[in-house]
Amino acid sequence: MSESSPETRRFDPGAVESKWQRAWDEADVFHAENDVEDPTYVLAMFPYPSGEMHMGHVRNYAITDAYARYRRMQGDAVLHPMGWDSFGLPAENAANERDVDPRGWTMDCITNMKEQMELMGLGFDWERELTTCEPEYFRWNQWFFEQFYEAGVVERQTAELNWCPDCETVLADENVNTHPEHPDGICWRCDTPIENREMDQWFFTTTDYADELYDSLDGMGGWPDNVRQMQRNWIGKQEGASVPFDLSTGDSVDIFTTRLDTIHGATFFALAPGHEVAQRIAADNDEVAEYIHRVDHADEAVPETSGVFTGEYATNPATGEEVPVYVADYVLEDIGTGALYAVPAHDERDHAFAQAHDIEIRQVVEPAPDADHDPGDVDVQTAAYTADGLLVNSGEYDGLESARARERFVERFDGDSRTAHSLRDWCISRQRYWGTPIPFVECPDCGYVPVPEEELPVELPEFVRTTGNPLDAAEEWKSTTCPDCGGPAERETDTMDTFVDSSWYFLRFVSPELETAPFDTDRANNWMPVDQYVGGIEHATMHLIYSRFFTKVLDDMGLVDCREPFENLLTQGMVRKNGEAMSSSTGNVVSPGPFVEQYGSDTGRLFMLSAARPEKDFDWTEEGAQSSYDFLQNVYGLVNAYTEGDIETGDGGVVDEYVTREIDAAAATATEEFERFRFNHAFQAVRDLVSLLRRYADHTTPRAESFEAGLETVTKLLAPVAPHTAEELWHTLGREGLVATADWPTVDLAEGYDTARLLVENTREDIRDIVDVAGIESPERIDVAVAPEWKYYARERARELDGNVVGQLMGDSRIQAHGEAAADYAKNLAAAGHIDDQLPPEREATTLVRASWLLEREFDAEVVVHGPDEAPADLAAKATPGRPGIRIEE
RNA sequence: GCGAGGGUAGCCGAGCCAGGUCAAAGGCGGCGGGCUUAAGACCCGCUCCCGUAGGGGUUCCUGGGUUCGAAUCCCAGCCCUCGCACCA
């Protein structure tokens with residue numbers, strides 16, 4: 001092949017990419033029509049518009065875009081939308097730092113980022129773009145809020161917040177700085193130590209859905225295990241029981257325990273400082289009151305074993321004993337019921353407390369005979385034994401297994417089997433400006449009253465810089481009338497957590513312009529769930545749990561028929577540099593902007609997708625990026641060399657038969673790998689095919705038709721990952737229309753292809769070995785001989801035989817006729833243990849003939865392939881099925 | 001502490017789920033050769049050890065086990081990463 005100077009064969013990514021971006025635009029390639037039945041819904045987690053893309057974004061969108069483009073070429077209707085998660089603190093901070101308003105700043109950022117996305121030619125359906133900070137969007141947050149309120153999914157509860165006494169405002173966790181002397185942190189503005197204050201806040205009752213959120217995870221096979229596990233941890237399901245204890249105060253106090261089997265060993269009872277009964281005792285007991293005050297206002301954490309005896313007693317329902325009641329800080333108010341019976345012998349914290357307060361430690365469980373521990377080795381006075389076992393010191397229940405005991409004791413002690421979760425209700429109140437106003441009015445007479453639906457959206461007042469919440473300062477905006485009684489009232493000044501915005505945006509994409517409802521229910525029922533969701537692992541719990549919760553609530557309200565929003569989830573790995581996360585603060589970054597400008601978007605995408613599996617972290621390296629760039633230029637050069645007639649074509653001969661099969665094989669491999677999101681493997685197949693076509697042209701005069709078909713296949717397989725370059729190639733090849741909308745190649749690989757390929761690879765490898773080991777400088781002629789028929793026959797027979805294989809084989813006259821050689825071969829077969837599939841002899845011969853050009857080319861020697869029964873005797877003797885005999889002459 | 005994922009040749013990274021054509025893809029780096037006035041780009045090959053005919057040896061964190069056969073399955077241990085964690 002004689003290529004002219006490479007300079008004429010290189011393309012300018014900038015020019016090529018913008019050209020095809022315009023062409024896609026004009027052809028409206030990425031728009032999903034409303035009337036399609038059930039498009040493949042491919043979704044990348046929408047970004048917070050910080051203004052600058054980083055490599056994490058690029059990787060995320062490279063993945064969804066590649067998959068979306070692949071599915072489109074497969075003939076699917078595809079929905080691949082993009083939007084902006086545009087409420088949030090950074091805008092407010094920017095507004096406070098410079099003299100801008102959050103809205104203007106946010107919109108500028110969106111413009112910037114969208115420009116960068118467009119520069120990268122990402123195939124989003126921009127007609128469905130949505131922006132959560134627009135009233136057209138957030139009015140539906142407000143609408144949902146009121147609907148949820150009606151349905152009892154919204155509640156007011158108290159929550160502990162960060163309060164700055166100097167600024168007299170609530171602070172978000174992000175605005176609290178850590179300080180060595182103040183465990184609760186200090187104010188970011190005035191450095192005043194933060195106080196924790198209990199305040200009434202709005203909550204979504206996520207706990208109502210805790211069981212379903214937990215249990216459904218088992219069936220969600222399209223999600224990675226680690227994310228499901230993280231959600232299980234987050235929800236924290238605990239199977240246990242609650243049992244009432246009578247106190248000498250006259251109260252009956254419920255405890256929650258997962259170890260009801262140990263109840264006979266309860267030697268004291270403990271209440272959380274915040275527990276109602278503890279508070280009541282404190283009213284008449286100075287010592288208790290002082291303790292509660294101390295733990296509440298401690299500047300440093302109190303010792304874990306701290307606690308105070310109340311002077312009261314609780315009756316252990318198992319033993320009838322009176323055990324002392326303590327108030328102890330290690331008992332947490334929001335875990336279980338905030339009260340527990342303590343079994344020092346079988347719980348580490350109870351044990352530590354008992355030792356510090358000199359309380360009896362009574363063993364009631366000992367290791368079962370099959371346990372790791374020998375009962376004699378367990379000394380509960382020294383350390384708690386926390387495993388299950390057999391009951392002791394438990395009266396009539398001695399010898400019972402822990403699990404059985406738990407079941408029986410629930411009934412025996414009048415308890416309830418209960419499931420506790422560590423999942424809390426979702427506090428959505430934020431004392432911030434840049435979020436969705438909570439659509440409620442507080443009336444001195446009527447209390448909290450929802451803003452009437454027809455008055456939605458409640459829009460934000462103009463932004464002012466203030467120490468606290470700007471909504472609080474907007475007096476005019478705040479004052480309104482009560483929708484119920486018409487009297488003067490004040491608007492709620494809290495806004496919603498921005499996770500509310502992202503909990504349903506995937507539904508809004510279905511009908512982004514709809515003005516009468518948050519989304520079109522019929523269409524959502526057809527289009528949901530999202531077929532493939534892709535984003536960072538950092539959203540494993542919050543966003544992905546809230547979205548699941550929202551979807552279930554909406555289903556229960558009849559708004560959509562769907563209980564899980566995301567069918568398949570892929571969490572992409574990080575893009576690192578020098579082994580560390582990219583970070584602009586340390587300068588350890590590669591910025592997408594300048595990179596794309598220099599190398600083009602395709603190079604970036606190709607490198608990212610070929611470097612590693614999408615879910616794994618990978619290192620960005622200069623060399624790797626360069627190699628992707630070189631590859632694209634290289635393919636471009638090859639295609640142009642062909643179309644400009646620099647590659648002389650002919651009939652290709654037997655080589656052509658080889659190459660056409662490999663073209664199909666490449667397409668088949670790539671298809672399989674795209675289905676599994678293994679772009680790196682798919683690309684491998686493309687790279688191999690390009691290399692093969694190059695060798696084809698180099699070795700002989702290729703048949704134009706198949707050579708071109710090969711280039712066309714390369715182009716198509718490359719199209720999802722390097723879409724601009726692929727369009728340019730498609731155009732160069734003189735194809736009509738756009739490769740973005742072309743049909744994906746369909747192939748059925750001939751049976752036995754893999755075996756044939758292996759035969760070729762192994763034979764080549766053997767010849768290399770021989771040449772190398774025998775020190776053959778320049779081979780003149782290579783003879784390759786397929787084994788005689790009878791060996792194939794013997795081999796097939798051997799596969800079916802058991803027992804005395806040699807004997808049975810030699811009993812077969814067709815085999816026996818070959819005497820000594822047959823006996824040797826039969827012994828080999830018998831010893832093999834496993835016999836792989838092989839091609840029939842004629843097919844081995846044709847396969848080798850087709851591949852012989854590779855040998856000629858590699859060794860620069862004449863290659864002669866001998867069929868099954870036409871080889872010289874010495875060669876045939878060495879040959880076995882799958883392993884031809886080889887002779888090399890110098 | 002509980003839970004999840006992982007440890008593969010100089011580096012990165014496939015393979016492991018469905019055990020066997022696996023001394024283990026590919027990329028990067030390195031070495032040799034071709035093309036070229038030269039460089040770059042491109043092309044060909046080599047890159048665990050020994051070996052003058054396709055052989056042998058030792059490998060996929062360590063140690064056991066299952067199997068005719070283990071990078072792949074099982075058990076134990078070591079190390080790494082991540083998530084949850086004063087969760088009764």
Side-chain angles (χ1 to χ4, degrees), chain A residues 1-3 5-7 9-10 224-238 240 255-260 262 270 272 301 304-305 328-332 334-343 346-350 352 386 420-422 537 540-541 579 607 610-613 615-619 621-624 626-628 630-631 633-634 637-638 678 680-681 683-685 687-688 691 694-695 698 754-755 757-759 761-763 765-776 831-838 857-860 878 882-888:
Chain A
M1 162 170 55
S2 60
E3 285 184 35
S5 74
E7 281 73 20
R9 288 285 159 69
R10 292 172 83 76
D225 288 342
N226 63 336
V227 173
R228 290 193 283 171
Q229 192 56 37
M230 282 161 75
Q231 294 211 348
R232 284 191 196 102
N233 284 339
W234 187 261
I235 297 166
K237 188 172 180 171
Q238 292 274 343
I255 58 89
F256 176 78
T257 179
T258 56
R259 289 299 305 273
L260 193 55
T262 63
E304 268 200 18
T305 55
D329 187 46
Y330 84 91
V331 182
L332 303 179
D334 56 354
I335 302 291
T337 59
L340 55 83
Y341 68 72
V343 186
H346 303 293
D347 180 276
E348 280 163 17
R349 288 150 307 167
D350 295 350
T386 57
H421 299 98
S422 46
I537 186 75
T541 47
F607 174 46
S610 60
R613 286 189 347 233
E615 56 276 7
K616 291 195 87 166
D617 292 355
F618 83 99
D619 250 27
T621 62
E622 201 67 42
E623 294 82 1
Q626 183 67 47
S627 139
S628 296
D630 291 344
F631 173 79
Q633 291 288 6
N634 184 342
L638 181 66
R678 304 210 298 196
N680 49 334
H681 289 189
F683 176 62
Q684 190 81 60
R687 202 184 259 276
D688 289 349
S691 159
R694 212 174 256 292
R695 278 175 287 160
D698 190 40
D754 288 336
T755 316
R757 190 189 175 105
L758 258 165
L759 172 70
E761 289 306 319
N762 289 346
T763 306
E765 189 60 40
D766 280 348
I767 294 169
R768 278 181 207 132
D769 269 3
I770 295 167
V771 168
D772 185 36
V773 172
I776 297 168
H834 169 86
I835 297 173
D836 299 301
D837 284 339
Q838 287 304 344
R857 190 175 142 73
E858 182 172 341
F859 299 100
D860 195 22
K878 280 193 284 183
R883 193 123 212 247
I886 297 163
R887 181 170 55 216
I888 301 169

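The figures that follow rest on heavy atoms only: side chains count, while hydrogens, waters and symmetry mates do not. In what follows, chains carry the letters A, B, and so on, assigned in the order in which the sequence lines appear, proteins first and then strands, with residues in each chain numbered from 1.
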Practice task
Would you indicate whether the side-chain heavy atoms of A:Tyr341 and A:Thr257 approach each other to under 4.5 Å?
Solution key: yes
Problem - side-chain N/O A:Arg857 vs B:G45 OP1/OP2, d < 4.0 Å - result: no
Handout entry: Phosphate OP1/OP2 of B:G15: any A:Arg613 side-chain N/O under 4.0 Å
Key = yes
Exercise for the section: Could you state the atom-to-atom distance from CZ of A:Phe618 to C1' of B:G13 in whole Å? Expected result: 12 Å
Exercise for the section: May I ask you to say what A:Asn226 touches in the nucleic acid, namely base, sugar-phosphate or nothing, with a heavy-atom cut-off under 4.0 Å? Expected result: sugar-phosphate
Exercise for the section: Return yes if some donor-acceptor pair links the side-chain N/O of A:Gln231 with the main-chain N/O of A:Ala540 below 3.5 Å, else return no. Expected result: yes
Handout entry: From B:A88, B:A41, B:A53, nucleotide with atom closest to A:Asp630 side chain
Key = B:A41
Exercise for the section: For A:His421, report the nucleic acid contact type (base, sugar-phosphate, nothing); a contact means any heavy atom under 4.0 Å. Expected result: nothing
Exercise for the section: Take the protein atom CD1 of A:Ile537 and the nucleotide atom C1' of B:A4, then report the distance between them rounded to whole Å. Expected result: 10 Å
Fill in the blank from the handout: For B:U37, the nucleotide meeting Watson-Crick or G-U wobble distances (both under 3.5 Å) is none
Problem - Euclidean distance for C1', B:C80 against B:U62 (whole angstrom) - result: 15 Å
Handout entry: Sugar-phosphate, base or nothing in reach of A:Val331, heavy atoms under 4.0 Å
Key = base
Exercise for the section: Using atom CG of A:Asp619 as one end and atom P of B:C12 as the other, report the distance to the nearest whole Å. Expected result: 9 Å
Practice task
Determine whether the aromatic ring centres of A:Phe683 and A:Phe607 lie less than 6.0 Å apart.
Solution key: no
Problem - CD/A:Glu765: more than 12 non-hydrogen atoms of other groups inside 6.0 Å - result: yes
Fill in the blank from the handout: Mate of B:C46 across any strand shown (Watson-Crick or G-U wobble, both atom pairs under 3.5 Å) is B:G30
Practice task
Could you give the distance separating B:U8 and B:A85 at their C1' atoms, to the nearest angstrom?
Solution key: 34 Å
Fill in the blank from the handout: Heavy-atom contacts, protein to nucleotides 26-34 of chain B, under 4.0 Å, summarised as B (base), S (sugar-phosphate only) or - (none) per nt, yield SSS------
Handout entry: Basic-acidic side-chain contact under 4.0 Å: A:Asp698, A:Arg695
Key = no
Exercise for the section: Taking only the side-chain nitrogens and oxygens of A:Arg883, find out if one of them lies under 4.0 Å from OP1 or OP2 of B:G55. Expected result: yes
Practice task
Starting from C1' on B:G54, measure out to CD1 on A:Ile888 and report it in whole angstrom.
Solution key: 8 Å
Practice task
Could you tell me which nucleotide pairs with B:A25 by Watson-Crick or G-U wobble geometry, both distances under 3.5 Å, or answer none if nothing does?
Solution key: none
Exercise for the section: Would you tell me if any nitrogen or oxygen in the side chain of A:Ser691 comes within less than 4.0 Å of OP1 or OP2 on B:C44? Expected result: yes
Handout entry: Interatomic distance where CZ belongs to A:Phe607 and P belongs to B:G13 [whole Å]
Key = 11 Å
Exercise for the section: Could you state the atom-to-atom distance from CG of A:Leu759 to P of B:G54 in whole Å? Expected result: 19 Å
Exercise for the section: Could you state the atom-to-atom distance from CD of A:Gln229 to C1' of B:C2 in whole Å? Expected result: 10 Å
Fill in the blank from the handout: As its Watson-Crick or G-U partner within any shown strand, both distances under 3.5 Å, B:G54 has none
Practice task
Please state whether the base of B:G54 and the side chain of A:Asp766 form at least one donor-acceptor pair under 3.5 Å?
Solution key: yes
Practice task
Look at the side-chain N and O atoms of A:Lys616 and state whether any lies under 4.0 Å from the OP1 or OP2 oxygen of B:A14.
Solution key: yes
Handout entry: Distance-minimising heavy-atom pair for A:Ile888 and A:Ile770
Key = CD1-CG2, 3.6 Å
Completion exercise
Of A:Thr337 and A:Asn680, the one whose closest nucleotide on RNA chain B sits nearer the 5' end is A:Asn680
Practice task
Give a yes/no on whether any side-chain N or O of A:Gln238 is located under 4.0 angstrom from OP1 or OP2 of B:A88.
Solution key: yes
Exercise for the section: Please work out if A:Thr257 contacts a base, only the sugar-phosphate, or nothing of the nucleic acid, heavy-atom cut-off 4.0 Å. Expected result: sugar-phosphate
Problem - Residue A:Leu332, side-chain atoms from C-beta onward, closest of B:C86, B:U21, B:C84 - result: B:C86
Fill in the blank from the handout: By nearest-nucleotide position on RNA chain B, the 5'-leaning member of A:Asp617 and A:Ala774 is A:Asp617
Problem - Separation of A:Ile537 CD1 from A:Met230 CE (nearest 0.5 Å) - result: 4.5 Å
Handout entry: Euclidean distance, atom CZ of residue A:Arg768 to atom C1' of B:C44 [Å, nearest integer]
Key = 10 Å
Problem - Distance, C1' atom - from B:A9 to B:C49, rounded to whole angstrom - result: 13 Å
Exercise for the section: Please give the nucleotide sitting opposite B:G3 as a Watson-Crick or G-U wobble pair, both distances under 3.5 Å, or none. Expected result: B:C82
